[in-house]
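All remarks here apply to the structure that follows.
The chains referred to below are lettered A, B, ... by the order of the sequence lines, with proteins before strands, and numbering in each begins at 1.
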Amino acid sequence: MLYSAAVQNDAALRIGELSKRSGVSPELLRAWERRYGLLRPTRSAGGLRLYSLDDLERVREMRRHLASGLAAAEAAALVSRPAQVAEAGHGMADAARAELTDALDSFDEPRAQAALDELLSAATVDTLLTEVVLPYLRELGDRWERGEASVAHEHFASSVLRGRMLGLARGWGRGLGPLALLACLPGEQHELGLIAFGLALRARGWRVAYLGSDTPVETLTVAADSLRPAAVVVTAVTAARVRTVEAELRDLAARHRLAIGGAATVDGARAAGALVLTGDPVAAADELTLHQAAGR
Amino acid sequence: MLYSAAVQNDAALRIGELSKRSGVSPELLRAWERRYGLLRPTRSAGGLRLYSLDDLERVREMRRHLASGLAAAEAAALVSRPAQVAEAGHGMADAARAELTDALDSFDEPRAQAALDELLSAATVDTLLTEVVLPYLRELGDRWERGEASVAHEHFASSVLRGRMLGLARGWGRGLGPLALLACLPGEQHELGLIAFGLALRARGWRVAYLGSDTPVETLTVAADSLRPAAVVVTAVTAARVRTVEAELRDLAARHRLAIGGAATVDGARAAGALVLTGDPVAAADELTLHQAAGR
Amino acid sequence: MLYSAAVQNDAALRIGELSKRSGVSPELLRAWERRYGLLRPTRSAGGLRLYSLDDLERVREMRRHLASGLAAAEAAALVSRPAQVAEAGHGMADAARAELTDALDSFDEPRAQAALDELLSAATVDTLLTEVVLPYLRELGDRWERGEASVAHEHFASSVLRGRMLGLARGWGRGLGPLALLACLPGEQHELGLIAFGLALRARGWRVAYLGSDTPVETLTVAADSLRPAAVVVTAVTAARVRTVEAELRDLAARHRLAIGGAATVDGARAAGALVLTGDPVAAADELTLHQAAGR
DNA sequence: ATAGGTTTTGTCAAGCTTTTGTACAT
DNA sequence: ATGTACAAAAGCTTGACAAAACCTAT
């Protein structure tokens, strides 16, 4: 009794026996091992394959999958599948970004929207921005520099993302939090980063008033004097844009708390009396929020 | 809106299927359309008529009237025309525009959004555009010329409206209708009219791909060659913008159906071999739709 | 759904097997993919198409549409594309509610989610709540009283909506606004209204800490002492629930600003020294926000 | 109702690659 | 036992075709 039980559990079948019991030829068993890693038999001293009863069960499962119409590679993949439950955590962002990239590359707006929908029902706006949208924009910029993406792609992607982000922005002027007045400096057309920044601020309890791209500083000043925001934030991609209006910005900074984001050089901004926000839009929003929480 | 936007919702029947289900021959269906405007099917990208289930119901009603002894013209006149869907009272538009103006003038985004929300729950997108948004924009322009509105107001209002309209634009690339590729010419920043135009096209069954402001003609050409739209529509506020790129536009017009909207002079556009769309965005959408239905 | 994710879970069929199971020839399957994007199979390392069981379902749906008389292009456009709520002509909110009702009644969670997705891109959270979710809940209650809706329907709808609303609630504890501490009184299980209230507060700039259903007052007090919220809000559907813990609530009200929502009688709440919030969750949020803005 | 042209859509073919069971030589 | 080879089966892409269904205009 003890004996037979031990044999049952540890049974070491040679390939001929496994073949007989499973009805699969030895050659094919070896091929499946080599090609798909379906089995991992131990070896006898002489090098013979020794299989367990588990292995027999795996072979039978393989046959069932084959009989149901799956091809060998897919059948084997299903057998060897350990317990691949939710990898939802990290792979999701990558998968989503890939899907978004693919959709936007083929000018497929509905698919891009669907990918964003899917994401939004499982993640915060912050996560959406840091994990998907901002990395996508960086990647798009890189590809554009390498000549792998056309200007048309960039325009199309910008439009879709801008529309979506402005959709998320709805109502960002409401509430009890401190007010941030946002604008791009004159000549500046890239507003996606600024909108992302606004969304990140909103997620941190701010109210947002948004003036958009290419805003004259005078315009900005008028709005600031009227709204009395807790912070005025402008972006500029190049330092030159900041220098051109440095004097005006200094005036503005004298009357309101001013911050500058984007790639503008630190020096130019400092000269204008502004707080410099470094890093991506979400990091910048954290920075400004800290500053606000501390400085009042 | 002239007829129900539910077309996009419903199964899209071709004329043969509608004929089978209604028992009316395709020829007669076309005749009723031509003579009495009984139906206004959307069109597929290739020009085929696409009917909704509402349309089927309308044809059946027509047959009942005929069976009861009415002449065709009278029967058709009795069939409930979708055009007659009652819009909310007329005073509502004025009141809404006043509310919107007031809210935007005081930089109050939430109130502006609320006004738009309210409108949208009682009116079609077309009505929103023709009765409220476009008049508001004209009025804002006038006030700006008279010095009664600041640039800040204009920027703020633009941002809010653009965000809202792009929200409504979501999914406008989806569906069965002909595809329109939209872009602003180089140097052109005012995209609100173009977005409104896109929304109006969408309500008429088109699919829309949108490239946004300040689009180089070369970019546009790349996108057009890739997407093969039924129409490429560009806008330019000044004739100068058109002249600058006239040669390139002529090239584009040789390969795709090109239309120009905005305030561009007729001459410049004609010289470029483009169809000229006059009037406001909604009228222009009607015009292009007619042209599309006829011109193939 | 992002296809790539689904493939991981499902058996991976090659085109021949999909063809056998669906009765559609491989050539046609490829043509449908190319022409209408009906399927989006992953690829094996060698380039073979790998389909999921979802894909099989889509092909079957396609065939059903074809059998019903639709042409291929239209059939494909309908597959897995739920009604486009946002395009409904008049009364967007009504159409959306109808779609939501229909989806939830047929236990079709994906369709319900899609309807909510669509809405959220064209309306604020406030509008979603006041125009769609809350009316839907009232309607469901009515139908339940009339015996037209089963307990199963109510459970299903509740869990879908709760999940979605909690999704929207993500991150609502972060930021700069005043903090509201939310809980249902002991014995109270209906938390949907309270979550809606929290969302409305969030849209008004509050931070929210949420304790959920059936919270002992003592627990609540401990949390309040630790968090020092600007307001503590509890809900109870019946006045009896309030009376039972009236003494404890009076203690709590002595140390924190306390508000009571739901159908609790005004008297009971007043006796407990609490602010009474009347009306639906959104109105209640307005009320509390006004109170907060005034009272500091 | 017909004529003359276009769009749609299922099917097929040519030329090449991948997959997979089996066979064979070492 | 191992490694290589091989051939049938199944797939892939591109391009094209023809019948059916639709279009406009007369």
| said: For a quick test of reading the model: is some side-chain N or O of S44(C) closer than 4.0 Å to OP1 or OP2 of dT19(D)? | reply: yes
| said: So, OP1 or OP2 of dT19(D): does either fall under 4.0 Å of a side-chain N or O from R35(A)? | reply: no
| query | Salt-bridged, E57(A) to R64(A), with N to O below 4.0 Å? | reply | yes
| field | Under-4.0 Å salt bridge between E33(B) and R49(B) | value | yes
| task | For R34(B) and for I15(C), find the nucleotide of DNA chain E with the closest heavy atom, then tell me which residue's nucleotide is more 5'. | result | I15(C)
| said: For L48(C) and E27(C), find the nucleotide of DNA chain D closest to each by heavy atoms; which residue's nucleotide sits nearer the 5' end? | reply: E27(C)
| task | Take atom NE2 of H291(B) and atom P of dC23(E), then tell me their distance rounded to the nearest Å. | result | 19 Å
| query | Would you call R174(B) and E109(A) a salt bridge, using N to O less than 4.0 angstrom? | reply | no
| query | Nearest-Å distance, CZ (R14(C)) to C1' (dT18(D))? | reply | 8 Å
| field | Electrostatic pair R40(B)-D55(B), nearest N-O below 4.0 angstrom | value | no
| request: Between R49(B) and G46(A), just flag the one whose closest nucleotide in DNA chain E comes earlier from the 5' side. | output: G46(A)
| Do the charged groups of D102(A) and R111(A) touch, with an N to O distance under 4.0 Å? | yes
| said: Please tell me if Y36(C) has a side-chain N or O lying less than 4.0 Å from either OP1 or OP2 of dT9(D). | reply: yes
| E17(C) CD - dT20(D) P separation (whole Å) | 13 Å
| Roughly how many Å is it from CD in E74(C) to C1' in dT7(D), rounded to a whole number? | 12 Å
| query | Within this structure, what is the CD-to-P distance between E33(A) and dG3(E), rounded to whole angstrom? | reply | 10 Å
| query | Between atom CZ in R63(C) and atom P in dT9(D), what is the gap in whole Å? | reply | 16 Å
| task | Would you kindly give the CZ-to-P distance between R43(B) and dC22(E), to the nearest whole Å? | result | 13 Å
| query | For W32(A) and dG21(D), is the shortest distance between a side-chain N/O and OP1 or OP2 below 4.0 Å? | reply | yes
| message | Just N and O in the side chain of R30(B): are any of them under 4.0 Å from OP1 or OP2 of dC23(E)? | response | yes
| message | Using whole Å, what does the distance between atom C1' of nucleotide dC22(E) and atom CG of L29(B) come to? | response | 13 Å
